[in-house]
Trainee: 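So that we are looking at the same thing, I have put the structure below in structure tokens.
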Number of protein chains: 2
Amino acid sequence: MQPTVRDPNPPLTRSVEDYLKVIYHLSSQGGFAATSDIAAMLEVSSPSVSGMVKRLSETGLIEHVPYRGVQLTPQGRRAALRMIRRHRILELYLTQHLGYDWGGVHAEAERLEHAVSDDLIERMASALGQPQYDPHGDPIPTAAGDIEEAELVALADARVGTKLELRQVGTQDPARLRYFAEQGLTPGVLLTVSERQPFDGPTTIAFVPSGDPRVVGRDLARLLWCQEIGS
Amino acid sequence: MQPTVRDPNPPLTRSVEDYLKVIYHLSSQGGFAATSDIAAMLEVSSPSVSGMVKRLSETGLIEHVPYRGVQLTPQGRRAALRMIRRHRILELYLTQHLGYDWGGVHAEAERLEHAVSDDLIERMASALGQPQYDPHGDPIPTAAGDIEEAELVALADARVGTKLELRQVGTQDPARLRYFAEQGLTPGVLLTVSERQPFDGPTTIAFVPSGDPRVVGRDLARLLWCQEIGS
DNA sequence: GAAACTACTTAGTCTATGCTAATTATGAGA
DNA sequence: TCTCATAATTAGCATAGACTAAGTAGTTTC
Ligand SMILES: [Mn+2]
Ligand SMILES: [Mn+2]
Ligand SMILES: [Mn+2]
Ligand SMILES: [Mn+2]
């Protein structure tokens, strides 16, 4: 009778997968992810995060510096990017093939990402023609775990007079997403920055080529990630 | 400070949903589902089943007669049929739209059924044209919870000389399913029973209209559910 | 440099779900 | 009716993941 050896490589649980994704997003700018930020993103208590952080660092998925924060190990990063690939392919598949709108698709993908097989994800990716971006403009990591790192500027910070392409919309909030869609503010749109009010005021843009003007408040303008267009 | 009131109607967990489905299948012929049969189907231990049975009967999803077995309450039956609808629509969607074969599709649906929203299932059902049967010929319950009850006979029990339509294939085993598909034994096929060897021997059939003969061993013939065709 | 605020961790508890080992009920045969 | 095999249950324990309450470390502020 075996003394019950623990599986050294158990499959990741749903909770673990969501923690890794959140830690990836919080530490992608190079720094550490703070306990309280993780707690806020996942809507759990700080002690819950401390507990999970302990387990994740014991299994080698993250590195924990007490009172500083956590970072992903290469293994944790691979796992996180795998989940992000799943999430974004699911979002795109649901919008392209099942009529979802880009506001409602996030919640569905948030659950499905943990249940689909790699095989199903690759079938969806094929059906979509190996897409590079999800409905919100976010880059889809490759199956090998590579992800495009774009140098983008928030519309709220773009200099007046520059010409921009809207590339990513940095929110999952259905209400804001639907509003952006109504305003024509979806990835791929071209615009110029015509004016910005002082004291963190709104930004005025003009669509290219129509020239139609639009005023965008500061909070929303911070969600619109753009790329400067030469000339 | 509230003394923490428990949610009186928590969402069902993945485990609970799988238990209900299994209990539905085991008790669908009118009787009780036995603890050991539930345990075998779910590949868990008998004490685990006893424990779950206690909780499920406390929440009113099943009726438990100790040492006899369990049956679904109307509420439990509704929940089980909802899961079966999800499972079968998923199986059909994956085969029709994503190129799955009918052998591999069950495992994928077994996980996805717990993660999809009702909305997604209904979108899939629409894309499929409100289908009535899954890839294995099993009837898909309606969203309202009605399910077709067909009077079928196993090929192993069909009288020699009768003409039959193959309606359902009663296994999820990928190897057997692929074998059946190779042999042309898929739902909708017409055949006549030409011979049966004594002492639980194999059954010989002839396909209609081609007349091609085929010998089917007893164990496999018990998985092929058929309907007698008039004339 | 001490006080005070904030963020983080630790301690202790709870639920869901699984397990093994031990016990008990049921029904079939003798 | 008694015995025994089988099936089911109970007892006791483990793990994942959440929570609240309490304590501690780091950081500001005067
Ligand atoms: Mn998720
Ligand atoms: Mn997205
Ligand atoms: Mn299942
Ligand atoms: Mn099926």
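Per chain, numbering begins at 1; letters A, B, ... match sequence-line order.
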Trainee: Using OP1 and OP2 only, check whether a side-chain N or O of A/Ser45 sits under 4.0 Å from D/dC19.
Mentor: yes
Trainee: Applying a 4.0 Å non-hydrogen cut-off, can you work out what A/Arg68 is touching in the nucleic acid: base, sugar-phosphate, or nothing?
Mentor: nothing
Trainee: Roughly how many Å is it from NE2 in B/His64 to P in D/dT9, rounded to a whole number?
Mentor: 4 Å
Trainee: If you only use heavy atoms from C-beta on, which nucleotide in C/dA16, D/dA8, C/dC8 is closest to the side chain of B/Thr13?
Mentor: C/dA16
Trainee: Indicate whether OP1 or OP2 belonging to C/dT6 is found under 4.0 Å from a side-chain N or O atom of A/Ser36.
Mentor: no
Trainee: What is the separation between atom CD1 on A/Ile38 and atom C1' on C/dA7, rounded to the nearest whole Å?
Mentor: 13 Å
Trainee: Rounded to the nearest angstrom, tell me the gap between atom CG in A/Leu56 and atom P in D/dT15.
Mentor: 17 Å
Trainee: How many Å lie between CD1 on A/Ile62 and P on C/dC8, as a whole number?
Mentor: 13 Å
Trainee: Start with the C-alpha gap between A/Trp225 and A/Leu155, add the side-chain angles, then the distance that decides, and say whether side-chain contact (heavy atoms from CB on, under 4.5 Å) holds.
Mentor: CA-CA 6 Å; A/Trp225 294 92; A/Leu155 177 60; over 6 Å; no
Trainee: Ignoring the backbone of B/Ser15, work out which of C/dT9, C/dT17, C/dT20 is nearest its side chain.
Mentor: C/dT17
Trainee: Pick the nucleotide of DNA chain D nearest each of A/Pro66 and A/Pro47; which residue has the one closer to the 5' end?
Mentor: A/Pro47
Trainee: Take atom CZ of B/Arg14 and atom P of C/dG18, then tell me their distance rounded to the nearest Å.
Mentor: 10 Å
Trainee: Which of these nucleotides, C/dC19, C/dT26, D/dA18, is closest to any side-chain atom of B/Tyr67?
Mentor: C/dT26
Trainee: Tell me, with the steps shown, if A/Met124 and B/Leu98 meet side-chain contact (heavy atoms from CB on, under 4.5 Å).
Mentor: CA-CA 7 Å; A/Met124 288 182 172; B/Leu98 285 160; 4.3 Å; yes
Trainee: What is the separation between atom CD on B/Glu58 and atom P on C/dA16, rounded to the nearest whole Å?
Mentor: 10 Å
Trainee: Is there a side-chain contact between A/Arg55 and the phosphate of D/dG17, meaning an N or O under 4.0 Å from OP1 or OP2?
Mentor: yes
Trainee: Taking only the side-chain nitrogens and oxygens of B/Ser46, find out if one of them lies under 4.0 Å from OP1 or OP2 of D/dT9.
Mentor: no
Trainee: Before you tell me yes or no, could you show the steps for B/Glu228 and B/Arg159 under side-chain contact (heavy atoms from CB on, under 4.5 Å), namely the whole-Å CA-CA distance, both residues' side-chain angles and the distance that decides it to 0.1 Å?
Mentor: CA-CA 10 Å; B/Glu228 273 194 47; B/Arg159 291 196 322 281; 3.7 Å; yes
Trainee: If you take all heavy atoms of B/Ala115 and A/Ala115, which pair is closest and at what distance?
Mentor: CB-CB, 3.8 Å
Trainee: OP1, OP2 of C/dT10 versus side-chain N and O of A/Ser50: anything below 4.0 Å?
Mentor: no
Trainee: Take the protein atom OH of B/Tyr19 and the nucleotide atom P of C/dT17, then report the distance between them rounded to whole Å.
Mentor: 9 Å
Trainee: For B/Leu12 and C/dA16, what is the distance between atoms CG and P respectively, to the nearest whole Å?
Mentor: 12 Å
Trainee: When you get a sec, tell me which of D/dT24, D/dA18, C/dG18 is the closest nucleotide to the side chain of B/Ser48?
Mentor: C/dG18
Trainee: So that I know where these two stand, are B/His87 and B/His106 an aromatic pair - ring centroids less than 6.0 Å apart?
Mentor: yes
